[in-house]
Amino acid sequence: PLQPEVSCNYQTYEERLLNWSDVGIKKDALFYQFKTPDNPAQCKITLLPDACVNILVPCSDSGSAFMSGMFLQMRELELAPNTEYFGFKPYSILGLKAPRIRLSDLTDDYTHFLDVYPEARMMLKRLYLARSFKERIAIFNGFAKAHMIDYDYITGFIDYFTVMICSAR
């Protein structure tokens with residue numbers, strides 16, 4: 001799930017891996033934050049396919065956030081210059097609740113986060129006002145636990161099989 005161009009190219013990059021969900025087998029998610037440089041030419045990055053949903057919030061805009069599906073191929077992303085971004089990447093979509101979209105429709109695509117979770121508007125404003133990475137993690141994690149977990153999800157054989165395939169060396 002690590003994106004080398006993000007973690008290596010931005011000096012302000014920080015991340016934290018947390019257990020965010022009690023549902024499913026892969027319960028961890030990557031929370032990360034970075035700031036883009038002033039030069040727009042340095043704000044284009046190539047994302048590698050990693051089989052994860054990704055939510056990216058530009059912290060300079062209190063109502064903006066994007067949710068990408070799983071990428072099957074490399075994809076270029078142009079970011080705004082001189083902007084701090086906060087990201088959330090759950091390591092599995094199993095047990096993830098997305099009430100207004102089928103996650104399979106997001107394969108190699110993205111949508112506005114508020115189109116999937118309109119109740120996130122106040123949470124995004126709180127992220128915008130937050131001043132520390134730790135504070136943003138607490139705000140987003142609280143929202144995610146309340147709105148993004150399907151607590152009725154039952155782990156099945158396919159879930160275990162998927163984890164076994166991904167873990168095989």
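From a predicted model like this one, the values you see are computed outputs, not experimental measurements.
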Let me confirm one number: the CG-NZ distance from L17 to K89, rounded to the nearest 0.5 Å. 12.0 Å
Inter-residue atom distance L77.CG - Y85.OH, 0.5 Å rounding: 7.5 Å
Who are the ring-ring contact (aromatic ring centres under 6.0 Å, His included) partners of F88, not counting sequence neighbours? W20, F31, F140
For the CD atom of E76 and the OG1 atom of T46, what is their distance to the nearest 0.5 Å? 4.5 Å
Do N54 and Y32 make a side-chain contact, defined as non-hydrogen atoms from C-beta onward lying under 4.5 Å apart? yes
Side-chain contact test, heavy atoms from C-beta onward, threshold under 4.5 Å: evaluate it for L56 versus L79 and give yes or no. yes
Verdict with reasoning, F86 to I137, per side-chain contact (heavy atoms from CB on, under 4.5 Å): CA-CA 9 Å; F86 175 82; I137 289 172; 4.1 Å; yes
Can you tell me how far CD of E119 sits from CE of M148, rounded to the nearest 0.5 angstrom? 9.5 Å
Is any side-chain heavy atom of C43 closer than 4.5 Å to one of P37? yes
If I compare all heavy atoms of P58 with all of S64, which pair ends up nearest, and what's the gap? CD-O, 3.5 Å
Looking at residues at least two apart in the chain, or sitting in another chain, which of them share a side chain to side chain contact (heavy atoms under 4.5 Å, CB included) with E84? Q33, C59, R136
Closest non-hydrogen atom pair between V57 and A65, with its separation: CG2-CB, 3.8 Å
Among residues at least two apart in sequence or on other chains, which ones pass ring-ring contact (aromatic ring centres under 6.0 Å, His included) with F71? none
Determine the interplanar angle of the H112 and F66 rings, folded into 0 to 90°, and report it as parallel if under 30°, tilted if 30 to 60°, perpendicular if over 60°. tilted
Nearest-0.5 Å distance, OG1 of residue T36 to CD of residue E78: 12.0 Å
Can you confirm whether M123 sits close enough to Y117 that some side-chain heavy atom of one is under 4.5 Å from a side-chain heavy atom of the other? no
Side chain to side chain contact (heavy atoms under 4.5 Å, CB included) partners for T12, two or more places apart: F34, K35
If every non-hydrogen atom of T107 is compared with every non-hydrogen atom of L72, which pair is closest and at what distance? CG2-CD1, 3.6 Å
Is I45 reachable from L30 through a run of I, L, V, M, F, W or Y residues, each pair having side-chain heavy atoms under 4.5 Å apart? yes
When rounded to the nearest 0.5 angstrom, what distance separates CG in D152 from NZ in K97? 8.0 Å
Compare every heavy atom of A29 with every heavy atom of P90, then report the nearest pair and how far apart it is. CA-CB, 3.7 Å
Answer with yes or no whether the hydrophobic clustering places L18 together with F143; edges join I, L, V, M, F, W, Y residues whose side-chain heavy atoms lie under 4.5 Å apart. yes
Who passes side chain to side chain contact (heavy atoms under 4.5 Å, CB included) against K145, sequence neighbours left out? N141, I149, Y151
For R75, I'd like to know if atom CZ has over 12 heavy atoms of other residues, nucleotides or ligands within 6.0 Å. yes
Main-chain N/O of P81 paired with T83 side-chain donor or acceptor, under 3.5 Å: yes
With sequence neighbours left out, write down each residue that passes side chain to side chain donor-acceptor pair (under 3.5 Å) with D22, or none if nothing qualifies. none
Kindly indicate whether the side chain of M70, heavy atoms from C-beta on, has any atom under 4.5 Å from the side chain of C52. no
Is the count of non-hydrogen atoms from other residues, nucleotides or ligands lying under 6.0 Å from F133 atom CZ greater than 12? yes
